[in-house]
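Take a look at the structure set out below.
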Amino acid sequence: MSKSTYLVDRLASMSVSAQNCRTVALIAALVVALGLPSAASAQRVPASALLDGLDDDQVVTLAEMEVEAGQLQKHAYQGNMDLVRTENDIQPYSIIGRERIARSGATTVEDLLRQQLTMSTSFASSDNSPGGWTGSSSSFSLRGMGAAQTLVLVNGRRVAGVGSRGTAEGSDQADLNGIPLSAIERIEVLPASASAIYGSGALGGVINVVLRGNYSGNEFNARYETTDDGHASIETYNLTSSFQFEQGRSQLLLSVQSQVTKPLYGYQRDFQVRGRNRELVNNPDALYVPAGRTGNPPAGALVNIRSANGSPLFGPGSSHFTHIPVGYRGWQLDGLQPLIDNQGSYNLDLARGALNGFSGDIVLIGAVRSKSLNLSSSRSMTERFKLFFDGGASESRQRDVSTYYTARVATLAANSTNNPFGQAVRITYPARHIDRETAPDSFSVNRQKRAAVGFELSLPHDWKIVGDYAWSYSYVDRTYRRQYGSPTFAEAVNAGTVDLLRDTTSFETLIDPYSNLPHTTTKAWQGDTTLRAAGPLTAWYAGDITLASGVEHRELRSAGFPDYTTPRPPPTYRRQQIDSLYAEATVPLTSPDLGLRGLHSVDVQLALRHERFDVETAGNKFDTTVPTVGLRWLPVRDLMLRGSWGKGFRAPTYSQLADPTLSTTTSQVNDPRRGGEVSDIYTLGGGNPELQPETSRNSNIGIVWTPEFVRGLRLSADFYKIEKKNNLTSLGAQAILDQEATFPGRVIRDTPVAGDPYGVGEVLQVNTYAMNMLKMETAGVDLGARYWWQSAGAGEFDLGVNATLTDYYREQTAFNTPLVDWVGVPSRNSASPLDARFTASLLWNRQQWSAGWAAQYYDHYRLNPTSTAAILSQGSERVPSQTYHDLFVRYRLGARYRILAGLELTFGAKNIFDKAPPVDMSTSRYYSTLGDPRMRRLYVNLKKTF
């Protein structure tokens, strides 16, 4: 029997639900596609050779799969405030180790995880969406749950998150892009609700970046990357050095990095032109809004004009639109004939200048300068007692072109002295950079700092106690331009002070006097005191019952200034404190020593966390307790079945817990209890101090097979299901009024007057403040296959394939409505997962040579059904699938080269087929942000160890 047939038979014997039948078939097809050698032809290699060939992050041996005495103690902490996790744990961790990081070709942590994690669902990265409020900081979403529901850790510790527009919340993610990849030992990812282990925010999963701590030596890297047409280059220099003192009792590890990313502009790619051509074919009315309808003229390289209501511009029978020719000085000097000659046509060329909605000077990749420092040290005071320090700092400055304040469409009133048309007209225009009093650039500055000091104490009976105090700080400042003041730009246009009825590409058009340059600054601080212990609790017939436990006190503070100029407003201060208790036990039920048939090894994981929140600035206190239960069963030595069930939670934010505020103006609603009469009412909206945490339930069932008759093969399938409840949301006044009985106390009415035919008083107020209400659920499967083999004379080969197949991603969009499946619609909220996501890699290594191939596949997706204009312009609601291939080759010089010994040279290419991201008419720049606008990129990396 062949190995693929054997695996199919094993899988067919399992009980599988109908919705997962396709998963079983895909696993079988995956094995067949690998083309595994037969047992007779497979080369036998000793176990030691197998271990040497595999990466540290993915070694699969019996010792890792069994829970034996002392194993937990050997892997407790090691500079990481979480236990060291592996891919063979009870819960389905994904581990990205040092070697995978080095060969990935990635330049930032965000770039790495988008490339490597199939369960990552972020639709866009900070690279290809410059100009956001958080600058170049990273953002991650696991399982489509969103950034606020994905917890990010550094060395097992929470770090102050990056806030936005003057507001920082406890659920904000830390910026991982400030950490050099060369400083990272491994990244542990758990794509499951895990609040029992990690606390609030871990609904969709946890990403824990573990920094290098035991490295010995010196390593220098110089890297240069650029597109094959010479744009958007990235220069990176980093140095990692370790030092030992006092005969090894004291250790110091230092890592520094400098990175410069050059921008990529719209005119350097054809995405905008490609998108506009698609729109002209599929939905020309979006550009040429028909006569008789209200609309705006499209942006172009010259001034385009349209009557506001679609009526003829030049009298009966004439067209309702035109454009201004090059060199046109204005109707007072050149008359209207040039405009009459151009009637019925727009200029649709790509403009130059930052002030137009169709400009070649928009930034696709922002210019970023970053620098970072990471430092760790330790000193062994005795054989059992060690002091340690862990710290880091980073700063990044991103530059992009500001378009926020620009008058992309200006309206010239009918009574304006500069209006010859006798009716209101709308104008789109480009403007030259030379006409601006200041540079067109906007800036974002991100600074991150962290420091931790603590101790490790080794006790008898393999117990270890670790305590530390960690401090972290996050700062982000955004500077940009926007319209303001009086006279406003619209007033200047109507007064003729700013003349748009001329060629603005040939003549001066000053707009900066009608703008200002505001800042938005956000600061966040976090202090965290933690004491943790791990070791064998007791011994019994199957081995040691082990326990990891901890207590923690965390304080969060923030201050911010949203959108200020001069004078600066008072900051918004916020503060909260969290206390938590945590315990995680592993109980072996059977062990290999017992020799039980079908029960080679069985162990249970039990975890429990209690957290108490005191949100001081909101005057709110609440507490939550959540469990996790898991089982791992090895019926035979090479087959592992695992399952886990756990809960997650996310505490409400400061804003959501703030007291509601009464509106200062009224809104109109139709009162169904009074015959649909129209009422002008006030609303009480905003936060709600009575809110409770969002909660989730997570179930995982998995199988891992490492057949002894095919050395180096590992196959896995992990099914998951997450249900989220108590989603925090707010409803509009009309929605609440329509369901008044469902929301008691939210509709405030006047006392009915005598003889009122409706029997109820008029509506005075509707309370719309936030509430726990909606639900969501998602399910799917993660698949993995890895095969390492060694061929005589040909070297070592390592083949890996990973996939995530999402069965459904359902959300409730309104109260008392059915859940709607949004899988495969990532443009809806930038987080919804695709139906399928694959990665594959093949690594070859022989003596001083290494080479590798990697591929990323993104399944096709649909545009949001509510985006009707985008769907019309796209020609369908479907965006095609995307596949990108990368290659690298590496050569290492050995000891015989003396001074050059340890030198390593790598050449690589990303997206080797120069494949452009497909058209996506729902995005502002007309391409799918799952792809990279830089397209093919070439890089060279010089590494020297000494």
Side-chain angles (χ1 to χ4, degrees), residues 70 72-85 98 153-160 174 178-180 182-186 188 208-219 239-256 372-394 448-473 525-536 546-555 579-582 584:
L72 176 62
Q73 290 73 38
K74 293 177 183 177
H75 293 83
Y77 308 121
Q78 297 182 355
N80 172 20
M81 290 301 288
D82 183 29
L83 299 179
V84 177
R85 310 293 179 173
R98 181 80 224 122
L153 306 173
V154 178
N155 278 344
R157 302 181 182 95
R158 292 174 181 260
V159 179
I179 301 177
S182 61
I184 298 174
E185 180 65 31
R186 66 185 182 280
E188 303 168 348
N208 181 23
V209 175
V210 182
L211 304 179
R212 301 171 78 173
N214 296 321
Y215 174 73
S216 178
N218 301 280
E219 176 182 303
L239 173 67
T240 301
S241 295
S242 66
F243 307 91
Q244 294 186 350
F245 312 96
E246 302 177 291
Q247 292 77 47
R249 292 179 62 190
S250 298
Q251 296 182 343
L252 177 67
L253 181 65
L254 173 69
S255 178
V256 294
S372 62
L373 166 70
N374 287 272
L375 179 68
S376 64
S377 63
S378 64
R379 188 179 192 279
S380 298
M381 309 302 292
T382 68
E383 291 185 358
R384 293 181 174 272
F385 185 69
K386 178 191 293 185
L387 298 177
F388 65 82
F389 171 83
D390 175 31
S394 65
Q448 313 292 316
K449 299 177 183 178
R450 57 180 178 81
V453 59
F455 69 90
E456 293 183 6
L457 176 62
S458 298
L459 299 176
H461 308 294
D462 292 324
W463 273 87
K464 179 182 283 189
I465 297 178
V466 180
D468 78 341
Y469 173 76
W471 172 89
S472 56
Y473 168 75
W525 298 264
Q526 179 171 280
D528 198 344
T529 304
T530 305
L531 183 65
R532 307 191 187 195
T546 57
L547 175 69
S549 60
V551 295
E552 181 180 7
H553 174 77
R554 188 166 74 252
E555 181 178 338
D579 294 296
S580 63
L581 298 171
Y582 148 76
E584 179 182 352

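All residue numbers refer to positions in the sequence shown, counting from 1.
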Given side chain to side chain contact (heavy atoms under 4.5 Å, CB included), test L531 with I465 step by step and report yes or no.
-> CA-CA 7 Å; L531 183 65; I465 297 178; 3.7 Å; yes
Tell me, with the steps shown, if F388 and E456 meet side chain to side chain contact (heavy atoms under 4.5 Å, CB included).
-> CA-CA 8 Å; F388 65 82; E456 293 183 6; 3.9 Å; yes
Verify side chain to side chain contact (heavy atoms under 4.5 Å, CB included) between E555 and Q526, making sure each step is shown before the conclusion.
-> CA-CA 6 Å; E555 181 178 338; Q526 179 171 280; over 6 Å; no
R450 and N374: side-chain hydrogen bond (donor to acceptor under 3.5 Å, both in side chains), yes or no, with the steps?
-> CA-CA 9 Å; R450 57 180 178 81; N374 287 272; 2.4 Å; yes
Test side chain to side chain contact (heavy atoms under 4.5 Å, CB included) applied to R98 and R186, step by step = CA-CA 6 Å; R98 181 80 224 122; R186 66 185 182 280; over 6 Å; no
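Interatomic distance, OG of S394 versus CD of Q448, reported as 5.0 Å (0.5 Å rounding). With rounding to the nearest 0.5 Å, the separation of CE in M381 from CZ in R249 is 7.0 Å. Put simply, CD on Q244 and OG on S378 are 9.0 Å apart, with the number rounded to the nearest 0.5 Å. A distance of 10.5 Å separates OG in S458 from CZ in F385, rounded to the nearest 0.5 Å. With values rounded to the nearest 0.5 angstrom, R554 atom CZ is found 6.5 Å from S580 atom OG. Atom-to-atom distance recorded for F245:CZ and Q251:CD is 10.0 Å, nearest 0.5 angstrom.
Looking only at side-chain heavy atoms (C-beta outward), E552 and D579 stay at 4.5 Å or farther from each other. V453 has its side chain out of reach of L387: every pair of non-hydrogen atoms, C-beta onward, lies at least 4.5 Å apart. Using a 4.5 Å heavy-atom cutoff, the side chains of L153 and R158 are in contact. Looking at V466 and F455, their side chains never come closer than 4.5 Å, going by heavy atoms from C-beta outward. Residues D82 and E188 are in side-chain contact: their nearest non-hydrogen atoms beyond the backbone lie under 4.5 Å apart. Between L254 and T240, every side-chain heavy-atom pair lies at or beyond the 4.5 Å cut-off.
Nearest heavy atom pair, residue S372 against residue G178, reads CB-O, 3.2 Å. For the pair A534 and L83, the tightest heavy-atom approach, listed with the atom from each and the gap, is CB-CD2, 4.4 Å. Heavy atoms only, all atoms of each residue included: L253 and S242 are closest at CD1-CB, 3.8 Å. Here the closest non-hydrogen pair linking F389 and A451 is CE1-CB, 4.0 Å.
For the 3.5 Å distance criterion, the side chains of S241 and N218 qualify, holding a donor opposite an acceptor. Counted by atom type alone, D528 and T530 present one or more donor-acceptor pairs between their side chains at under 3.5 Å.
Residue E383 places its CD atom among 12 or fewer non-hydrogen atoms of other residues, nucleotides or ligands, all under 6.0 Å distant.
Without hydrogens or angle criteria, T382 side chain to R384 main chain gives a donor-acceptor distance under 3.5 Å. In this structure, the side chain of R212 engages the main chain of S182 through a donor-acceptor pair within 3.5 Å. Without hydrogens or angle criteria, W463 side chain to P536 main chain gives a donor-acceptor distance under 3.5 Å. Under the 3.5 Å distance criterion, the side-chain polar atoms of N155 are matched with a main-chain donor or acceptor of L211.
Comment: E584 does not engage R532 in a salt bridge, judged by the lack of any side-chain N to carboxylate O separation of less than 4.0 angstrom. The pair D468-R157 meets the salt-bridge criterion, since a charged nitrogen lies less than 4.0 angstrom from a carboxylate oxygen.
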